[in-house]
S.K.: 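Take a look at the following structure, please.
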Amino acid sequence: MEKEKRRHCRKCLTRDMDQNAYFENLHTYIRNLDEELKVEKPLYEERLSLCRDCDLLLDGMCRACGCYVELRAVMKKNSCPYDKWLSRQ
């Protein structure tokens, strides 16, 4: 049986979207954020590295706050719920 191909829907819930399309949309959203809202790339990568080492990371999400860590880490205004980024602001 051939897997049903879903089209991209801007009004769909994430559970209704193809997983690859959803994550592609998330990464496009991150790329298109205003630069003044985002941290510098080295800090972003450092934050992601800390998240990768965290026991609360599961499938790209933080089990402490429920966010997608790639989106949370890119924003200047955001912080880690457990202050793991605190010394690296």
Side-chain angles (χ1 to χ4, degrees):
M1 188 167 141
E2 190 175 316
K3 186 176 178 180
E4 179 183 325
K5 187 175 181 178
R6 296 181 181 181
R7 65 183 186 91
H8 180 71
C9 173
R10 295 191 184 277
K11 295 273 188 181
C12 291
L13 299 173
T14 57
R15 67 181 176 194
D16 298 331
M17 296 175 69
D18 172 69
Q19 185 176 1
N20 291 331
Y22 178 75
F23 287 112
E24 182 180 325
N25 187 43
L26 177 65
H27 291 143
T28 299
Y29 177 81
I30 291 170
R31 276 192 309 275
N32 290 324
L33 285 168
D34 289 334
E35 290 301 316
E36 68 248 11
L37 300 176
K38 300 192 301 188
V39 297
E40 297 292 324
K41 181 130 174 100
L43 180 56
Y44 178 58
E45 293 301 329
E46 188 172 346
R47 287 178 171 187
L48 292 180
S49 178
L50 290 165
C51 291
R52 279 187 195 99
D53 292 338
C54 183
D55 293 338
L56 295 171
L57 179 66
L58 181 65
D59 295 329
M61 293 181 70
C62 175
R63 293 184 299 154
C65 68
C67 74
Y68 283 104
V69 297
E70 291 169 87
L71 181 56
R72 183 179 203 87
V74 77
M75 301 295 291
K76 286 180 184 177
K77 68 176 184 163
N78 291 342
S79 62
C80 170
Y82 285 95
D83 295 329
K84 292 185 179 193
W85 303 343
L86 197 55
S87 63
R88 292 156 174 93
Q89 296 292 330

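Keep in mind that what you see is a predicted model, and the values were worked out from it rather than measured.
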S.K.: Can you tell me if CD on Glu24 sees more than 12 non-hydrogen neighbours from other groups inside 6.0 Å?
M.R.: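 Atom CD in Glu24 is not crowded, with 12 or fewer foreign heavy atoms closer than 6.0 Å.
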S.K.: Is there a donor in the side chain of Ser49 and an acceptor in the side chain of Arg52, or the other way round, less than 3.5 Å apart?
M.R.: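 No, no side-chain donor-acceptor contact under 3.5 Å.
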S.K.: With rounding to the nearest 0.5 angstrom, report the CD to NZ distance, Glu46 to Lys41.
M.R.: 13.5 Å
S.K.: To the closest 0.5 Å, what do you measure between CG (Leu48) and CG (Asp53)?
M.R.: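 Here the interatomic distance stands at 11.0 Å.
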S.K.: To the nearest 0.5 Å, what is the distance between CG (Leu50) and CG (Leu57)?
M.R.: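 That separation rounds to 11.5 Å.
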S.K.: Give a yes or no on whether Tyr68 and Leu43 share a hydrophobic cluster (residues Ile, Leu, Val, Met, Phe, Trp, Tyr; joining criterion: side-chain heavy atoms under 4.5 Å apart).
M.R.: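 As far as the 4.5 Å side-chain criterion goes, Leu43 and Tyr68 are connected within one cluster.
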S.K.: side-chain contact (heavy atoms from CB on, under 4.5 Å) with Val69: which of Cys51, Cys54, Cys80?
M.R.: Cys51
S.K.: Kindly check if the number of other-residue, nucleotide or ligand heavy atoms within 6.0 Å of CG (Asn32) is above 12?
M.R.: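 Counting neighbours around CG of Asn32, more than 12 heavy atoms of other residues, nucleotides or ligands fall under 6.0 Å, so yes.
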S.K.: Could you tell me which non-hydrogen atom of Arg31 sits nearest to which non-hydrogen atom of Lys38, and how far apart they are?
M.R.: O-NZ, 3.5 Å
S.K.: Which atoms form the tightest heavy-atom contact between Ser79 and Arg72, and what is the distance?
M.R.: O-NE, 2.7 Å
S.K.: NZ/Lys77 to CG/Leu37 distance, rounded to the nearest 0.5 angstrom?
M.R.: 8.0 Å
S.K.: Give the minimum heavy-atom separation between Arg47 and Lys76, together with the two atoms involved.
M.R.: NH2-O, 4.3 Å
S.K.: What heavy-atom pair brings Gly66 and Met61 nearest, and what distance separates the two atoms?
M.R.: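 Smallest heavy-atom distance, with atoms named: O-CE, 3.1 Å.
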S.K.: List the atom of Leu33, the atom of Met75, and the distance in Å for their closest heavy-atom pair.
M.R.: CD1-SD, 3.5 Å
S.K.: State, to 0.1 Å, how close Leu56 and Ala64 come at their nearest heavy-atom pair, and which atoms those are.
M.R.: CD1-CB, 3.8 Å
S.K.: Is there a path from Val39 to Tyr82 through hydrophobic residues (I, L, V, M, F, W, Y) whose side chains come within less than 4.5 Å of each other?
M.R.: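 Result: no, two separate clusters.
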